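Values below: every heavy atom of this structure, side chains too, minus hydrogens, waters and symmetry copies. The shown structure was predicted, so the numbers you read here are calculated from the model rather than taken from an experiment.
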Amino acid sequence: MKVLEGQLLAQGQKIGIVASRFNDFIVSHLVAGAEDCFVRHGGNTEDLTLAFVPGAFEIPLIAQKMAESGKFDAVVCVGAIIRGATPHFDMVANESAKGIAAASMKSGIPVTNGILTTDSIEQAVERAGTKAGNKGADAMISAIEMINLAKQF
């Protein structure tokens, strides 16, 4: 059986990052985690482009534009949606996830989802670099691996 896997080597890759400004006190840590992960895997920070959008709902549009631009090998999406007292949380979380998946399928390049969807600020903090790791870094590692895997087809 032939087994295909993507290597975790970012050298020469060009990656766009789309980050929401809403909940920036969390998202800034996700961006930092993504950047650190890229560099640790051989990437050069000059090969990263960061685009800020107002909130998580706006991420898919810019992710799709970046993905279709031909300038990037992958796009990493980071944001933080923290549950409040209204159903707004569910709508934003669902639509941003659907939009990110659609951007990847439409463009044919990896568009990874590092958007936190948590019930509390404490859970968000845990996923932005403390107890539960850094989901920005996790989204970047997925992008690096997927770029290298996709090259094998």
Side-chain angles (χ1 to χ4, degrees), residues 5-83 89 92-93 95-152:
E5 292 184 275
Q7 300 298 312
L8 296 178
L9 180 61
Q11 188 174 10
Q13 294 180 350
K14 297 199 180 308
I15 297 181
I17 300 172
V18 184
S20 69
R21 278 195 302 280
F22 197 78
N23 290 321
D24 181 62
F25 66 100
I26 297 294
V27 178
S28 62
H29 294 284
L30 299 174
V31 171
E35 180 181 9
D36 179 65
C37 177
F38 186 70
V39 170
R40 286 179 185 264
H41 287 88
N44 184 332
T45 56
E46 275 128 40
D47 290 327
L48 295 175
T49 299
L50 175 61
F52 283 104
V53 297
F57 190 80
E58 291 79 22
I59 287 174
L61 174 63
I62 300 307
Q64 183 170 321
K65 287 192 172 291
M66 287 180 110
E68 291 177 339
S69 73
K71 298 176 183 176
F72 305 101
D73 299 307
V75 178
V76 173
C77 304
V78 293
I81 308 167
I82 301 169
R83 188 179 299 277
F89 168 92
V92 173
E95 294 305 315
S96 63
K98 279 193 249 179
I100 289 168
S104 187
M105 295 303 291
K106 185 175 180 189
S107 69
I109 72 165
V111 180
T112 62
N113 187 345
I115 299 175
L116 302 179
T117 53
T118 64
D119 289 323
S120 67
I121 291 171
E122 292 79 18
Q123 287 177 345
V125 169
E126 288 174 0
R127 288 159 180 77
T130 61
K131 283 192 219 178
N134 185 301
K135 299 309 175 191
D138 291 350
M140 180 60 76
I141 207 117
S142 293
I144 293 166
E145 182 176 352
M146 289 296 293
I147 291 166
N148 290 321
L149 178 59
K151 287 178 182 177
Q152 298 177 50

For this session: Please round to the nearest 0.5 Å and tell me the distance separating atom CZ of F57 and atom CD1 of I115.
Result: 11.5 Å
Seminar exercise, completed: Value for CZ (R83) from OG1 (T118), rounded to nearest 0.5 Å, stands at 9.0 Å
For this session: Determine which pairs satisfy salt bridge (charged side-chain N to carboxylate O under 4.0 Å, His left out) with at least one residue from residues 58-76, sequence neighbours left out, and list them in order.
Result: E68-K106
For this session: Side-chain contact test, heavy atoms from C-beta onward, threshold under 4.5 Å: evaluate it for F25 versus I121 and give yes or no.
Result: yes
Problem set entry | Qualifying residues under salt bridge (charged side-chain N to carboxylate O under 4.0 Å, His left out), relative to K131, sequence neighbours excluded | E126
Mind listing the side-chain donor-acceptor pairs of residues 138-149 below 3.5 Å, one per line with the distance, residues two or more places apart or on another chain?
unit_1, atom_1, unit_2, atom_2, d
D138, OD2, K135, NZ, 3.3
S142, OG, D138, O, 3.2
N148, OD1, Q13, NE2, 3.4
N148, ND2, Q7, O, 2.7
N148, ND2, L9, O, 3.0
N148, ND2, I144, O, 3.2

Exercise. What's the spacing between L30 CG and L116 CG if we round to 0.5 Å?
Worked result: 5.0 Å
For this session: Would you mind reporting whether T117 and F89 have side-chain heavy atoms less than 4.5 Å apart?
Result: yes
Extract all donor-acceptor atom pairs below 3.5 Å that involve side chains of residues 95-103 and protein atoms in other chains or at least two apart in sequence.
unit_1, atom_1, unit_2, atom_2, d
E95, OE2, K98, NZ, 3.1
S96, OG, V92, O, 2.9
S96, OG, A93, O, 3.2

Problem set entry | Pairing residues for A150 by the side-chain contact (heavy atoms from CB on, under 4.5 Å) criterion, not counting sequence neighbours | none
Exercise. Do other residues, nucleotides or ligands put more than 12 heavy atoms under 6.0 Å from the CD atom of Q152?
Worked result: yes
Problem set entry | Of all pairs that satisfy side-chain hydrogen bond (donor to acceptor under 3.5 Å, both in side chains), the ones with a partner from residues 17-34, not counting sequence neighbours | none
For residues 41-56, run the donor-acceptor check on the side chains, cut-off 3.5 Å, and write out each pair with its distance to 0.1 Å, sequence neighbours left out.
unit_1, atom_1, unit_2, atom_2, d
H41, ND1, C37, O, 2.9
N44, OD1, E46, N, 3.0
D47, OD1, K14, NZ, 2.8

Seminar exercise, completed: Sorted by chain and residue number, the side-chain contact (heavy atoms from CB on, under 4.5 Å) partners of A67 (sequence neighbours excluded) come out as V75, S107, I109, V111
Seminar exercise, completed: Closest non-hydrogen contact found for V78 with I17 is CG2-CG2, 4.2 Å
